[in-house]
Amino acid sequence: DVVHLQAKPYIHAKLIIIDHRYMIIGSMNLSSNALDNNRELGIIITDPQNIQDVEKEFLRSYRDYNLFSL
């Protein structure tokens, strides 16, 4: 019933895009300990436009910070 807005939220989410066809967003770490012992949450997205939008934003963000060049 109540939503609290945090000024500096800690985001534990991970994102994986596979072959520009599948996007997985979730909290899971890809280690056997995390997968066997933690309660994690993830969602698989297959909508091409959503995946393309996220890929473009990822590349734009990294280009802006000069972390790599393509």
Side-chain angles (χ1 to χ4, degrees):
D1 293 54
V2 177
V3 175
H4 298 280
L5 179 62
Q6 295 182 349
K8 295 182 180 181
Y10 171 74
I11 299 174
H12 185 67
K14 283 86 171 166
L15 176 110
I16 300 169
I17 297 177
I18 304 164
D19 297 332
H20 310 283
R21 295 179 55 205
Y22 303 98
M23 180 167 58
I24 304 168
I25 302 173
S27 61
M28 56 278 182
N29 292 311
L30 299 178
S31 68
S32 58
N33 181 59
L35 295 172
D36 292 341
N37 299 312
N38 295 347
R39 288 188 178 191
E40 303 290 356
L41 177 68
I43 185 169
I44 298 172
I45 297 167
T46 58
D47 179 71
Q49 188 61 56
N50 286 335
I51 295 168
Q52 184 180 31
D53 291 346
V54 170
E55 287 178 321
K56 283 181 182 179
E57 179 59 25
F58 174 84
L59 292 173
R60 185 200 62 76
S61 296
Y62 271 68
R63 282 188 189 120
D64 289 352
Y65 289 103
N66 295 316
L67 297 176
F68 68 89
S69 60
L70 296 175

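Computation of the quantities below employed the complete heavy-atom set of this structure, encompassing side-chain atoms and omitting hydrogens, waters and symmetry-equivalent molecules. Starting from 1, each residue takes its place in the sequence as its number.
In the displayed structure, R21 atom CZ is contacted under 6.0 Å by at most 12 heavy atoms of other residues, nucleotides or ligands. The number of heavy-atom neighbours closer than 6.0 Å to CD1 of I44, taken from other residues, nucleotides and ligands shown, is 12 or below. Counting non-hydrogen atoms of other residues, nucleotides and ligands closer than 6.0 Å to CG of L41 gives a total of 12 or fewer.
Here the CD1 atom belonging to I24 is positioned 9.0 Å from the CG atom belonging to L15, to the nearest 0.5 angstrom. L59 contributes atom CG, which lies 7.0 Å from atom CD of E55 (distance to the nearest 0.5 angstrom). Separation of atoms CD1 (I16) and CD1 (I25) is listed at 10.5 Å; rounding is to 0.5 Å. From I18, atom CD1 reaches atom CD1 of I51 across 9.5 Å, with rounding to the nearest 0.5 Å.
A 4.5 Å side-chain heavy-atom check between D53 and Q49 finds at least one atom pair inside the cut-off.
Residues M28 and Y22 share a hydrophobic cluster, clusters being chains of Ile/Leu/Val/Met/Phe/Trp/Tyr side chains in contact below 4.5 Å.
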